[in-house]
Structure formats: structure tokens, C-alpha cells
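Below is one structure; the comments refer to it alone.
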Amino acid sequence: MAAKWNLVVDVERCDNCRACFIAVKDEHAGNDFPGYAAAQPAQGHNWLDIRRRERGVYPLVEARFMPVMCNHCDDAPCMKVARDGAVRKRDDGIVIIDPVKARGQKQIVAACPYGAISWNEEKQLPQHWIFDAHLLDAGWTRTRAEQCCPTGVFRTIKVEDPQMREIAAREGLDMLQPELGTRPRVYYKNLHLMTHCFVGGSVVADVAGVEECVAGAEVILKQGGREVGRATTDTFGEFKIDKLAPNSADYRLEVRSAAGSSGVGFDLGAESIYLGVIRLGTPG
Ligand code: SF4
Ligand code: SF4
């Protein structure tokens with residue numbers, strides 16, 4: 001069994017500096033790599049793009065970012081609509097849209113369910129991020145995106161598929177839209193930061209007539225009477241419980257500490273929730 005390329009992207013580490021985006025532009029804009037990719041036009045193409053998501057409401061808000069690109073799927077829809085073998089899967093897992101054979105085949109663009117293919121109007125050519133195959137073939141072991149990323153978002157891994165499955169299981173990696181059955185070779189760590197919701201709040205108690213933050217309070221989240229999450233308040237009395245499925249509805253939050261206890265119920269919709277100030281000693 002041959003070792004194949006995979007890419008791991010850690011969403012938690014991305015701060016939207018866009019150095020990876022520029023690196024892909026620098027590599028391909030105006031540069032032809034025969035057999036791999038024709039030159040990328042100066043404008044309009046984002047072979048590697050950065051998605052953004054805001055979660056929460058004031059005062060508990062966060063912005064998250066995630067690089068997206070061709071997933072080099074093992075069961076690639078773009079290959080299925082290509083004529084004359086214009087899209088091929090290499091033995092090392094990389095998908096190449098042939099810069100000559102694919103000319104005029106605009107149907108390849110629409111076939112990608114991830115929107116990862118751009119149409120080059122001037123060259124009448126579908127184009128995508130080629131996993132830096134031209135560099136890997138020359139002996140590189142990391143993509144340019146990985147080399148330039150200052151926060152270590154990317155990890156290029158060449159292993160046999162069973163070993164990659166083990167790594168994915170051990171590290172809790174996800175794929176984008178696995179329900180499509182395309183079997184991507186790009187994996188995401190901490191993808192919940194883009195796809196799931198959190199609930200947060202601030203816990204206070206009355207101490208000698210003064211409202212004080214309660215640090216170290218135990219916060220337990222339940223659904224249908226079953227515990228589904230747990231946190232401890234920080235120095236400022238704040239807590240956050242993450243990885244909640246959007247629109248998962250009916251929850252009950254219980255807070256306990258030496259300063260008292262409280263409880264609050266809420267419905268989770270499509271967005272994260274800030275429950276505001278929760279006062280101990282006044283159960284809801
Ligand atoms: S992500 Fe899109 S372009 Fe890339 S291999 Fe999969 S279907 Fe093809
Ligand atoms: S270089 Fe790294 S931190 Fe910067 S946008 Fe790209 S992935 Fe995010």
C-alpha cells in the first residue's frame with residue numbers, strides 16, 4: 001500500500017493573517033507549471049480562501065477563521081464529469097485538473113460540491129489548488145501554505161490510508177461535509193469552532209451587600225436530564241461550554257458553588273447564546 005498526501009488544518013490556530021492566501025497567489029499568479037496547473041489570473045481566483053464565522057453576542061463574541069481549498073477527494077465528483085481523463089487522481093492521492101485536457105470543460109467547476117474550482121475565463125480552464133504537487137514532486141515535504149503560516153495551522157502528512165484513519169480518530173479530526181461521501185484528504189481539527197455553538201454566561205453572588213464575580217463555580221449543562229457539558233467559572237466568573245449542535249433546542253444549566261446555586265433554562269437556535277449574569281442563591 002502506497003503512502004499518500006493528507007493535509008490537517010487546525011481551525012483554532014488561524015488568525016486570518018492571510019499569508020497562506022498570498023503564498024498561493026505568489027506561487028501561481030503568472031506562473032505556468034506544465035502538467036500541473038496553468039498560471040492563475042491576477043484577480044478573481046481564490047484557490048485557497050479563508051472563511052470567517054462570528055460566534056456569540058456581546059459581551060461574549062469571537063471571530064473564527066478557516067482556510068478552505070480543494071479537498072483532493074478520493075471519490076471526487078469533479079472527476080466523474082470530466083471528459084477525456086481531464087481530471088485524474090494520482091497514486092499519491094492528489095487530484096490534478098489537467099491544464100490542457102480540461103480546456104473548455106466548464107462543467108467541472110459546477111461538479112465540485114465545495115466550490116473549490118475557479119473558472120479561468122481567458123484560458124477557458126477550470127483551476128484549483130494542486131496541493132503544491134509540483135513542489136512535492138521536487139522533494140518538498142510541506143506545502144507553501146504550511147511553510148508560511150506563522151501559527152502552525154497546517155500539517156502536511158504522507159502516510160498510508162489506514163495510518164491516516166488512525167491519526168484522524170486519535171486527534172478527533174473531521175472532514176468538510178462527510179455526508180457528501182467524497183472522502184476528502186483534507187482534515188480539520190477543531191472544526192466545531194466553525195460549525196457548532198457555545199453557551200456562556202457570568203456568575204455573580206451577593207457578598208456583604210456587594211455583587212462579586214464567583215470564580216470556581218461548577219456549571220453543568222443538561223438536556224433531557226442528562227449531563228451534556230461541564231465548565232468551571234474563571235476569575236471573572238465567566239464560563240463557556242462549547243460543541244453544542246445548532247438548533248438542538250431545550251437545555252437546562254445548573255450552577256453550584258459555596259456562594260449558592262442557581263439554574264436557568266434556554267432554547268438553542270442557530271447561534272451561540274450568552275445567558276448574561278446568573279446570580280447565585282436565586283434558583284430559576
Ligand atoms: S474538493 Fe472539489 S475540486 Fe477538489 S477533488 Fe473534491 S470535488 Fe474535485
Ligand atoms: S497563514 Fe495561517 S494563520 Fe494566516 S490565514 Fe493562513 S492559516 Fe490562518
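Counting starts at 1 for both ligands and their atoms, in listed order.
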Practice problem: Pull up every protein N/O/S atom sitting under 2.8 Å from atom 4 (Fe) of ligand 1, skipping waters. | Solution: C70 SG

Quiz item: Hey, is V9 touching ligand 2 through its side chain, its backbone, both or neither, going by heavy atoms under 4.0 Å?
Solution: neither

Exercise. In plain terms, say whether D74 and R185 are close enough for a salt bridge, that is, a side-chain N and a carboxylate O under 4.0 Å apart.
Key: yes

Quiz prompt | Side-chain (R55) to main-chain (H196) donor-acceptor, under 3.5 angstrom | solution = yes

Quiz item: Near I50, which atoms of ligand 2 are under 4.0 Å from a heavy atom of that residue?
Solution: 5 (S)

Practice problem: Using distance alone, with no hydrogens and no angle criterion, decide if H28 and Q127 have a side-chain donor and acceptor under 3.5 Å apart. | Solution: no

Exercise. Would you mind checking which non-hydrogen protein atom is closest to atom 7 (S) of ligand 1, with the distance to 0.1 Å?
Key: P77 CD, 3.5 Å

Self-check item: In the protein, N/O/S atoms that are found under 2.8 Å from atom 2 (Fe) of ligand 2, waters not counted
Solution: C149 SG

Quiz item: So, the side chain of Y187 versus the backbone of M164: is there a donor-acceptor pair under 3.5 Å, distance only?
Solution: no

Quiz prompt | K158 and D92 ion-paired at < 4.0 Å | solution = no

Practice problem: Around atom 5 (S) of ligand 2, find the nearest protein heavy atom and jot down its residue, atom name and distance. | Solution: R18 N, 3.1 Å

Quiz item: Is the side chain of D84 donor-acceptor paired with the backbone N or O of K101 at a distance under 3.5 Å, no angle test?
Solution: no

Quiz item: Salt bridge check: are K189 and E12 linked by an N-O gap of less than 4.0 Å?
Solution: no

Quiz item: Is atom CD of E227 surrounded by more than 12 heavy atoms (other residues, nucleotides or ligands) closer than 6.0 Å?
Solution: yes

Quiz item: Would one find more than 12 heavy atoms of other residues, nucleotides or ligands at under 6.0 Å from atom CG of D91?
Solution: no

Quiz item: Shortest non-hydrogen contact from V87 to V95?
Solution: CG1-CG1, 3.5 Å

Quiz item: Using 4.0 Å as the upper bound for N to carboxylate O, is an ion pair formed by E238 and K240?
Solution: no

